[in-house]
Amino acid sequence: MPVDVSAIREDFPILDRQVNGEPLTYLDNAATTQTPRQVYEVYEEFYEGYNANVHRGIHALSHEASVAYEEAHDRLAEFVGASGGREEMVFTKNTTEGINVVAYGLLDELGPDDEVVLTEMEHHASLVTWQQVAETAGADVRYIEVAEDGRLDLEHAKEVIGPETAVVSVAHVSNVLGTVNPVETLAELAHDAGAYILVDGAQSAPTRPVDVEAMDADFFAFSGHKMAGPTGVGGLYGKRDLLEELAPLCYGGEMISHVTFDEAAWNDLPWKFEAGTPPIAEGIALAAAADYLDDVGMDEVRAHENELAQYALERLDSRDDVETYGPPAGVERTGLVAFNVEGVHGHDLSSVLNDRGIAVRAGDHCTQPLHDVLDLPGSVRASFYVYNTKAEVDRLLDALDGGDAFDDARAQVEAYLSSDRYHDRVYEHHRDPKNAGGLADPTFSKHSEETTCGDEGEFHLDVSPDGTIERVAFESESCAVSRAVADLLAGHLEGQSLDAAADLDGWVVDALDGRFPDLRRDCVVGPEEVLREAAQEYLEREPEGIAGDD
Ligand code: 7TS
């Protein structure tokens, strides 16, 4: 049975909201999904009816809260196919914390002869955590390559996973490519090599039926806020015997069974991993989210996701000015498509889309190394959930054209920058930049990377021996707003002292009379921060090189 989208939308009042006078089209679900009233009403019931701490008081409220919280663990275990109930389901803050619990829990088992195997499509939550743990343990990190078609290169996986492998940690579903990875096969490879497998289920638990036992995952981490649940809570499944052995990450109350002045013993599963007061209302609400999704039917959610993604892919691929990433049309994927429109930076495009009430994400989506493999500074991502419709995909595609008034997305960005929301100087410097391009032999330069949007840029400065800035230029793949500001700032600093650059503090905001949309503040203030730091670093590094101050 297809998903009854109109009935579902009734459960999400937020979807009736307007943004900039347009109906909200929420296509940022891979970041966070919306929450149905069946889930957030749990908060009211909890705080109105039985708010208390868990496991502590012999009083009615605490008992009721404890029972509901414990049962929520059973419910989530069941949701991901774990037959062991609450003992195999730890509540965490989110997927990131779940990965950290496993990685740091295994730290003592890792050493210089070990390898941790990841994929090139890992989210920073996994990639950075394992890098840190591997570095501490002296272990190596290796990466399974992503093939041209956006799928994992399984032949490469077979080469990389071997006797040295101690842990394989893989995203079940990529948050950029939409690829669904063959975790069953990877689990087999890992286990044949005597390694553990941790599956990052941040994008799979919300979008498809998950059976941790069928896939033979040792650990499986996911987040509530991506599966129609609340923020502040996530789940970590672990095989019971492995959780028994795993060292806890966080220590304190609740996670102990016995304490003396000299030592402590750990509590039963899963409480051993839940130090301090846990996310009680959140955990109970997460169980309500699992109920909600099971009522819709996870097979139906999966089919709906794929259908919308295929439709979006087909429409985007039919345009000459759009490049999409991930598996080709026809290959099952989760409900998301990352893309770029030729000549338009993702930030500028998402501002234009926001004007039309459309929410997408632009940047590197916390997968900087994957974007390096794709040779892209960033991408725009539209991601769908159970309440999205093909009509909303059409709205996104229509918005790329901009209706009768515009030729294409680029024309819309021009109109956006020249609108009265911005000071005229932004459009002037965008249209006619005087300082774009590098300097052949600068006195010094400063490279910057903005991880949230995936931008990269470099300022070049020529400075005379007395510390006067003679010329500033920049090379950048940043958005149009940021480049225009960089150009404005470069012009302003010519003839000034390096000290003036090192003291920059709000000059750009003043020069623009504060006229820019607040949601582009980072793009406006970013270049100034980079130049200030560049000047400060140079002055620290070369105090002797500057003959005089002004
Ligand atoms: N792993 C994957 C595959 C993810 O997509 C995300 C979040 C995480 C881990 C981390 O989840 P958290 O709940 O701990 O933050 N991904 C995204 C995203 O694509 N856009 O915003 C968050």
Side-chain angles (χ1 to χ4, degrees), residues 26-35 76 80 90-103 118-131 143-144 146 150 152 168-181 183 186 197-208 210 217 219-237 249 279 282-283 286 289 305 309 325-326 333-339 346-347 350 359-371 374 378-385 451-454:
Y26 186 77
L27 305 181
D28 193 18
N29 294 284
T32 287
T33 52
Q34 296 304 336
T35 313
L76 269 298
V80 298
V90 176
F91 279 1
T92 58
K93 189 168 61 175
N94 48 33
T95 305
T96 306
E97 188 176 287
I99 294 171
N100 273 268
V101 167
V102 176
L118 310 180
T119 76
E120 287 180 339
M121 58 174 94
E122 289 317 291
H123 188 277
H124 295 167
S126 149
L127 201 139
V128 177
T129 307
W130 284 113
Q131 272 176 358
Y143 296 93
I144 303 169
V146 177
L152 278 185
V168 176
S169 185
V170 292
H172 191 176
V173 168
S174 161
N175 66 322
V176 175
L177 304 171
T179 315
V180 183
N181 287 322
V183 282
L186 294 166
I197 181 159
L198 161 62
V199 177
D200 171 351
Q203 298 295 344
S204 63
T207 59
R208 59 201 49 252
V210 165
F219 304 100
F220 181 93
F222 59 97
S223 298
H225 69 99
K226 293 187 198 287
M227 50 174 281
T231 53
V233 68
L236 171 68
Y237 157 80
L249 175 67
E282 290 79 2
L286 180 56
E305 288 265 314
Y325 311 106
R333 60 155 80 197
T334 201
L336 65 86
V337 183
F339 61 96
H347 267 190
S350 43
V360 293
R361 184 169 176 190
D364 65 26
H365 318 296
C366 297
T367 56
Q368 235 178 310
L370 173 64
H371 279 81
L374 299 171
S379 56
V380 179
R381 182 186 66 191
S383 54
F384 315 110
Y385 209 39
T451 54
T452 44
C453 55

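Being a predicted model, the structure only gives us computed values, none of them experimental. Order of listing sets the numbers, starting from 1, for every ligand and every atom in it.
- Partner of Phe222 under the side chain to side chain contact (heavy atoms under 4.5 Å, CB included) criterion, out of Val199, Leu76, Thr92: Leu76 alone.
- How far CG of Asn181 is from CE of Met121: 4.5 Å, rounded to the nearest 0.5 Å.
- Ring planes of His371 and His365: tilted class, angle from 30 to 60°.
- The structure places OG1 of Thr367 at 6.0 Å from NE2 of His124, a figure rounded to the nearest 0.5 Å.
- Side-chain contact between Trp130 and Ile99 is present, with at least one heavy-atom pair separated by less than 4.5 Å.
- Using a 4.0 Å heavy-atom criterion, the residues that approach ligand 1 are Ala30, Ala31, Asn94, Thr95, Thr96, His123, Ala125, Asn175, Asp200, Ala202, Gln203, Ser223, His225, Lys226, Arg361, Arg381.
- Within the 4.5 Å cutoff, side-chain heavy atoms of Ile197 are placed close to those of Val170.
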